Every structure is written in structure tokens, then in C-alpha cells.
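Please read these numbers as outputs of a predicted model, since none were measured by experiment. So that the names make sense, note that chain A is the first sequence line, chain B the second, and so on, each numbered from 1.
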Number of protein chains: 2
Amino acid sequence: MKPGPRRSISQTDIVETAFEILEQKGFAAVSIRGVAAALGLTPTAMYTYFPSKNALLRAMVEQVLAGLDLEGAADADVDWRDRVLALAVDLRSRLAAHAGAMLLVTSGPLDGPHARRLTETLIAGFTSERMPLADAARAADAVRAYVLGAAALDAAVRAAEASEGPATAGPALWTEATAHPLTDAAAELDGDADGGFAWGLDRLLDGLLAGVGASAT
Amino acid sequence: MKPGPRRSISQTDIVETAFEILEQKGFAAVSIRGVAAALGLTPTAMYTYFPSKNALLRAMVEQVLAGLDLEGAADADVDWRDRVLALAVDLRSRLAAHAGAMLLVTSGPLDGPHARRLTETLIAGFTSERMPLADAARAADAVRAYVLGAAALDAAVRAAEASEGPATAGPALWTEATAHPLTDAAAELDGDADGGFAWGLDRLLDGLLAGVGASAT
DNA sequence: ACCTGAACACCGTTCAAGT
DNA sequence: ACCTGAACACCGTTCAAGT
């Protein structure tokens, strides 16, 4: 095919195609060349839209965050505690929806516009509980860290299950099989990872909101 | 050079070399070929020691975790709260020590022997505070998530600073520059990221330990 | 068992050139 | 501005072969 302007493909089209590849073939398959091929372009044409692969990955992170209901989280009619819980659960499910989304988040800084809006919303919520600004900022950081870390641990476990089957341990790299009685016992009586996430977040909010506002139980 | 057995190189040597490359040239430079070259081997010889690149990365994660003072964390003479704080701070500083260590952790499941020992130690500590096993397991998950998430956010920020200079924003991808007054205001009066980490962990422990034991303040 | 050399099927990115 | 084609300097991994 000859060079020259074609029917314009948007950055959004590229990001969407990248997400399709991410879901179908995993994080490793998200490549400039692969996305270009799926769009019927040569790899070099991609550099018209994004200056680097990293820029593409950042745009993907932004799209994941774009769907967050920050307006709902700013609704002062609802308790802040309930709002931040809903927001965190939503964010976590969005990160869980795409198999490799967590690697995206870790692969670059969370400094896009939607990421900043999320941080701003969190800080605003905590200050609305009469928390000093410095503490509110740290509280926002703590919530971000908890949600991201939980999503990362989830993603790592699921990636391992997908790549090598559920019941495969390392080939005798370590011999002591049952040296972790508590971990094993806990694994038996639990299986509700989602419940664990909300429980831990609840405890974190207990600690963050203790003694700062009336609505903190 | 001719093929045939050489003076044996150990898996430990390979992992150490990989860490040197990680620190000097970053995560992207940690490659089978690169590590092999640094050791004077051909890439294929690497597959004698590790079945895949992923196996090498996992071994690196294990080495980061291997240095953790789990014995100190099991010392019942000290308050569990102080012990888990020390453990978390230690883990975070280990993750921060290597520029790309966080990507290592995120790139695979934390299911090696040292990772499991860490989980076991955390659960044991929480049960020692008279916490039910199921809750102790979830508390351990919460602490892991918080520490990992905080380390991930740190690493992302530092990676960005290293790759493109501190004061570079995106090239007008978004126009509203000062739409985040709280974030900006908080950034001005804070700069102590380490303090923020410990503060948030303290709040998390407040929430986790509230009402379960005598030593929970 | 430990290693080499060649090969396969990929990468991100740059550059000169076309329309 | 948008695109192609060729090229550079890389990847992980496999395979046959040597000692």
C-alpha cells in the first residue's frame, strides 16, 4: 500500500486495540508492532500518535482510571467513608478486569489527569472529615497504596495460575513443603479474596478516620 | 572458546550479576543475554541454571526477601506492633534500594519460600495479639498490600524522574494545569515520603489491632 | 552436566523517502 | 500530517552438536 494520509485513526482507537490485545494475549503481547498490525498500520506509523511505547501504556492507564465515578465520590450527601469504599472497590475491579492492567500501573508514574483527579478527590474527601491537609494527603496516599498493592498481589497470583496451572510448585527448589502451618490453615478456611480486600480497607479507614470527624464510627 | 564443562558458576552468581545490571542500567536491561554476557557465557548456557527469564526474576525477588530479619520479627519480647513496623520499613527500604525491584515483585507471584515465610511471620504476629486466624490472615494480606503498593508508587515516581527529568509534564495532552489545588498545596508542605509511609502504616495497624489485644493502643 | 553456534520469531526505535 | 520500507540494535527461546 502506498504512503500518504489515510482515513484518520485516533489515539483512542489505538488504546482500544491495545486493550483488546491485552485481554486476549496478555501484557507481553502488547507491542507497538502488534497494535500496529491489528490496525493495519506499519509500526513506524504508530509514532505519529504516541512518541513511545511508554506513552501508549500511560494512555492505557488513564483510560482505566477515566471510568471511575469521581462525581459519585464527591457527593457530600453520602458518608465519606462509604464513598471512598465504593471508589476503592470500583478501582480494584477495574484493575482486575484487565489481566495485565496492574503491570501497566506499575510500569509508569500515576501522573496523568485522571490519576491526579483521583488523588484530588481522595484528599478532598478526607479534609471534609476535618482532617488537616497534610494528614489528608497522607491518608490519600495510604488508600492508593493499599488498593494498588492489593491489585498487584491479585494480578500476580492470577498471572501465575494462567501461566503454569494451579497446582504446580517449583521443581524442588525448596524441600520443606509444610513449614507454614498458619498460612496453610488460613488458606483452607478462606477463599473470599474480595471480602478480604474490603475488610482490610475498612480497617485502614478505621485507623485513618479515628478521632478526626463525627462521621468516623 | 570451546564447549564443555567450565569452572561452575552458581545460581547465586547469576542472581548477583543480574542485580548489578539492574542497579546500573535499570530493569529493562536485565536480560538473559545481558547477564550471560556479563558472566562470559553464551545466552543458551543460562538455561542450564534457570529454565526461563521469569525464573531468574523470581530468584531475584527471593533474594530481596531473603535479607529480611524475620527472626527479629518473631521475637516475642518486643511488641508486635513495633515488630511489624520494623519489618515493613525494612521491606520497603529493600524494595527501594534497587531501582527496579518493584517491577520484579509485580512481575510474578510472591510464592517463593522467603515470601511464604514472610506471610507466615505476619500471620503469627497477628494471632499473638489474640486475633482469630481468619482475621490474622487478612491482616497480613492488608499489610503486604500496603507495603507493596507504597513501594510501587515510589518506584513509579522515581522511574519517571530518572527517565525524563523532574520538571517535564506531558506535551499539552491536558491543558488545565492548576485544577488540583489540594494536591498542589499538600505537595508544597510535604516532602517526607518516608514519614508518610510510616504514618499510613501506623494508621493501618491502628485499625487492624483495634480492640483485639491489650498491646493495641 | 555444561557449554557453543546457528537459528527462529520476535522487539522498540530511527531515518530517509513518498504523497 | 500521515504513512511506507529498510535498517539498527536488541530480545527470549530452541535445537543440534561438541566435550
Inset, instruction - Whole angstrom is fine here: how far is it from CE in A/Met46 over to P in C/dT14? - result: 14 Å

Inset, instruction - Examine distances only and state if a side-chain atom of A/Tyr146 and a backbone atom of B/Leu204 form a donor-acceptor pair shorter than 3.5 Å. - result: no

Inset, instruction - Look at all strands and tell whether A/Thr42 reaches a base, only sugar-phosphate, or nothing, counting heavy atoms closer than 4.0 Å. - result: base

Legend entry - Pair assignment for C/dT14, Watson-Crick or G-U wobble, requiring both distances under 3.5 Å: D/dA6

Legend entry - Interatomic distance, B/Ile21 CD1 vs D/dC10 C1' [rounded to whole Å]: 14 Å

Legend entry - D/dC11 to C/dC8 separation - C1' atoms, rounded to the nearest Å: 12 Å

Inset, instruction - Spell out yes or no: do the side chain of A/Thr44 and the base of D/dG5 have one donor N/O and one acceptor N/O closer than 3.5 Å? - result: yes

Legend entry - For atom NZ of A/Lys53 and atom P of C/dT14, their distance in whole Å: 15 Å

Legend entry - Between P of D/dC3 and CG of A/Leu39, the distance in whole Å: 10 Å

Inset, instruction - Give the rounded distance in Å between these two atoms: CG of B/Asp13 and P of C/dC2. - result: 13 Å

Legend entry - Residue pair B/Val84, B/Thr121: steps toward the side-chain contact (heavy atoms from CB on, under 4.5 Å) verdict: CA-CA 9 Å; B/Val84 67; B/Thr121 303; over 6 Å; no

Inset, instruction - Can you tell me the distance, in whole Å, between the NZ atom of A/Lys25 and the C1' atom of C/dC11? - result: 15 Å

Inset, instruction - Drop me the distance from B/His114's NE2 to B/Asp111's CG, to the nearest 0.5 angstrom. - result: 13.5 Å

Inset, instruction - Please tell me which of A/Arg33 and B/Leu41 maps to the more 5' nucleotide of DNA chain C, matching each residue to the nucleotide holding its nearest heavy atom. - result: B/Leu41

Inset, instruction - Among C/dC3, C/dT14, D/dT4, find the nucleotide with the atom closest to the side chain of A/Tyr47. - result: C/dT14

Legend entry - Phosphate OP1/OP2 of C/dC2 contacted by B/Tyr49 side-chain N/O (<4.0 Å): no

Inset, instruction - Calculate, to the nearest 0.5 Å, the distance between atoms CG and CG belonging to B/Asp135 and B/Asp141 respectively. - result: 11.5 Å

Inset, instruction - With a 3.5 angstrom cut-off on both distances, give the Watson-Crick or G-U wobble partner of C/dT19, or none if there isn't one. - result: D/dA1

Inset, instruction - Round to the nearest Å and state the distance from B/Ile32 atom CD1 to D/dC10 atom C1'. - result: 15 Å

Legend entry - From D/dT4, D/dT13, D/dG12, nucleotide with atom closest to B/Ser31 side chain: D/dG12

Inset, instruction - Give a yes or no on whether the backbone of B/Pro181 and the side-chain of B/Asp184 come within a donor-acceptor separation of less than 3.5 Å. - result: no

Inset, instruction - Could you tell me the separation between the CZ atom of A/Phe27 and the C1' atom of C/dC11, rounded to a whole number of Å? - result: 13 Å

